[in-house]
Amino acid sequence: MTSSSKASGKESGASGSENKRSAPRNSGTPALADTILDGLSDRQKEAASYTDGPLLIVAGPGSGKTRVMAHRLAYLTGSEGVPPYRILAVTFTNKAARELRERCQRLVPTAADQLRVFTFHSFCALMLRFDGEYVGLKQGFTIYDDDDQARVIRRILQEMDIDPKQFPVGQLRSIISSSKNKNILPPAFQQNAETYREEVAGRVYEKYQEALSRSNAADFDDLLLKAFQLLENQPEILDKYQRRYEHILVDEFQDTNPLQFNIARLLAAKHKNICVVGDPDQSIYSWRHADPTNLTDFRATFPDAKIVTLDQSYRSTQVILEAADAVIANNEDRMEKTLWTENPRGDRVSVAEVYDEEGEARAVINEVDRLVKQHDLSRDQIAVMYRINAQSRSLEVACNRSGVPYRLVGGVKFYERREVKDILSFLRLVLNPADDAALERIINVPARGISDRSVTELRRAAATHETPLLDAVLSVQDEKNPLGVSLSKRAANSVVAFAELVERLVEQSLSLQPQELIDLAMERSGYVRWLQEDKETGEERMENLRELRGSAEQYSGGDPREQLAEFLENVALVSDVDGVRTGNPFAATQADVGQEAITLITLHQAKGLEFEAVFMVGMEEGLLPHSRSVEDPAQMEEERRLCYVGMTRAKRWLYMLHTFQRRFRGSLSPSMPSRFLMELPEPLVNAQTVRSRASQTETRKDEMWSRRAAMAPAAARSASQPGLEFAAGDRVRHSHFGEGVVVSVKAVPGDVEATVAFSGNGVKRLMLGFAKLERSGAGVGADSGSSSTSEKGGE
DNA sequence: GAATTCATGATTTTT
DNA sequence: TCATGAATTC
């Protein structure tokens, strides 16, 4: 987010030297064009100002991609005179969209107001809001999230009497999702079903689509799928959008899936002014059906496309770039590209082993401390990156313990909180009475005497009449009970009360603004009282609802139902909220807005960001690469790209940590250093720079630091020559146990174990890969200097 | 019908 | 370990 400030200084130097070569190829106003492109390198200028048709920009990390895109937009509007509203800029994530928007805002404030940057999903939702009727979506349709999807599928399994254990909901969901992204609809799916499982999945898929259709709902994939169908089948609508958008810009192209590419392709078919930007080495979303072959497809679709490669990094030091390149070079399936930089050589990459995740967190914090003190680094410029969210826990705990302010990115999303979803479900139901998933969610929340059995009966009645669940609810209220719902008197009373609640909300939705409707829903549903009774989490959840109310406030002033629809759409498509702090129990020192804080973030989310110092933690087999990826070479390559993304976030300092053992799912297990660490060229690595002060003040044996030697495939080493470094009888010294004599050395899986008799400390068994063992007297050890820079401040 | 306990099971990344 | 769903008790 702060990349521009840092990058600009260097980039202006780059452009100054070679400014005279190319006059702008387009007439326009050369003077103006020069100003707009000022500060860009030649390559960047080329990318920003090429407007003669399809353009593919391959942009390595730190090559100023967003900068170029922003300048391109400025160039189009400023120099080429394209009205901003005739440009369609699409990105993959909200974050990327926001960043691009902000960049443009700074560059061309006037045009930026008219320029809209969409995510694919939000753009599709927009098209469907106007013309969804053509593809079976009525006004005010609901967007179903994963949770709703799961709910629908679970119910279908119930109806079909399928055991969810044999057909896990999650699995079915991903089958359905991937089918949609390949444009395979239920009939085709069933046609191609070969196995019994596929056949069942096909039936579930079919039922699922029927359910969504009846509920006037679309899941995330439907947004893309239906938008595509709309454009493909309705020439006049396609024409409308083709005319409207003279230029199309697609960011993070490597993350788009075939469906998204097809949408872009259709939209661009007329003008052919399509510019896509991406880096195949940073494709980390294949699990969401992103398909990096889109890049090759792009060239096939637009054979005359111009290709510009941005391979100068303005971000990282040479060492970091080389290290990252060495890792990514191990990917077979890859468009070769080597980054270079004029930046300084820089420090080596610090690789260190720590005892466990606690030690890991301590080491990070101590080093953060040192960076802040010795290099006057702002904590804003420091990030800790990890593979899975669960890893943030130990870091948070440690930050809290030592009072280091931090900012946790991601985690439990605000809009995914239970209470938030509950209240939103009331609003959803108000807007779309067919929204069964919403109804099911809140029919008995808070408890109002409608049991599961009653709900089942309601569902049965609704199903036999093929009508929304709410109709069954209303039927109970009706004396004639047209749907023939059969309930006990008591249950019926409860249902009637609920029906009245919904009716009242619907009535009021005509006149109340969204936030007022939230108030009403909270009050009338008994939610407020319910939370008040809950001493444990009630207050916190209430706070979240106040927050929700606050976020609804900006959707007021217009037609209430319109505003409500917009609010709900936004909520569905924008999962993160700016400035909303997560109310997690560790949030004691979670930083306030504006306070300098280190960033805790997953590798995925870190894409596109940069920091002076980056700590990659959990560099272990099973974590990075993730255990789920080890079997499949393609997935393994994606893990490597993920590693690459992490490494290339660092400007000056890169740390890669792994533990000796890690607590995982409750139990302790030994960890193996990530294979990616072994792909780092030795001369670029320093295994001794990180030190934990805690190791001195607390139990010293807590922390043990590995030598680079430990990274070499230990099994191979020990098999051929066990005890390469030590043999029985050697006199050794250990940092903690002191002087001793090696009793025996033997190979164990992944390492070499030495049994050493220490004078005064007894006999210990040590892993040579991890233990800090030196030959005593001879002093040959690879890292005899045990003191390091950071110890100075720590004492 | 609701609350409590118990069991189980699942754990990547995001729109 | 933690969260969610099912079984059991009130």
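So you know, we letter chains A, B, ... as the sequences are listed, proteins then strands, and number each from 1.
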Looking only at the side chain of [X] (C-beta and beyond, no hydrogens), which of the listed nucleotides [options] gets closest?
X	options	result
A:Arg288	B:dT14, C:dG5, B:dT13	B:dT14
A:Tyr285	B:dT14, B:dT11, B:dG1	B:dT14
A:Thr602	B:dT13, B:dG1, B:dT15	B:dT13
A:Ala447	B:dA2, B:dG1, B:dT14	B:dA2
A:Gln605	B:dT13, B:dT14, B:dT15	B:dT14
A:Phe220	B:dT13, B:dT15, B:dG1	B:dT15

A:Trp287-B:dT13 aromatic stacking (under 5.5 Å, under 30°): yes

Which class fits the ring pair A:Phe567 and A:Tyr555: parallel under 30°, tilted 30 to 60°, perpendicular over 60°? tilted

Angle between ring planes, A:His604 versus A:Trp287, binned at 30° and 60°: parallel, tilted or perpendicular? perpendicular

[atom1] of [X] versus [atom2] of [N]: gap in Å, rounded?
X	N	atom1	atom2	value
A:Asp255	B:dT14	CG	P	12 Å
A:Arg151	C:dT4	CZ	P	11 Å
A:His121	B:dT14	NE2	C1'	9 Å
A:Arg173	B:dT14	CZ	C1'	11 Å
A:Asp452	B:dA3	CG	C1'	13 Å
A:Lys607	B:dT13	NZ	P	15 Å
A:His604	B:dT14	NE2	C1'	9 Å
A:Arg154	C:dG5	CZ	C1'	9 Å

Looking only at side-chain N and O atoms, does [X] come under 4.0 Å of OP1 or OP2 in [N]?
X	N	result
A:Ser454	B:dG1	yes
A:Arg418	C:dA3	no
A:Arg393	C:dC2	yes

With nearest nucleotides of DNA chain B determined for A:Arg453 and A:Leu573 from heavy-atom distances, which residue corresponds to the more 5′ nucleotide? A:Arg453

Between A:Gly449 and A:Asp221, which residue's closest nucleotide on DNA chain B lies nearer the 5′ terminus? A:Gly449

Give one of base, sugar-phosphate or nothing for [X], where a contact means two heavy atoms less than 4.0 Å apart.
X	result
A:Ser629	nothing
A:Phe664	nothing
A:Arg641	nothing
A:Ala390	nothing
A:Phe120	nothing
A:Asn444	sugar-phosphate
A:Asp146	base
A:Arg490	sugar-phosphate

Distance flag, aromatic centroids of A:Phe92 and A:Tyr285, threshold under 6.0 Å: yes

If you draw the axis of the six-membered ring of A:Trp530, does the NZ or CZ of A:Arg448 fall within 45° of it and under 6.0 Å from the ring centre? no

Indicate whether the side chain of [X] and that of [Y] have a donor and an acceptor atom separated by less than 3.5 Å.
X	Y	answer
A:Arg265	A:Asn262	yes
A:Ser286	A:Glu638	yes
A:Tyr644	A:Asn331	no

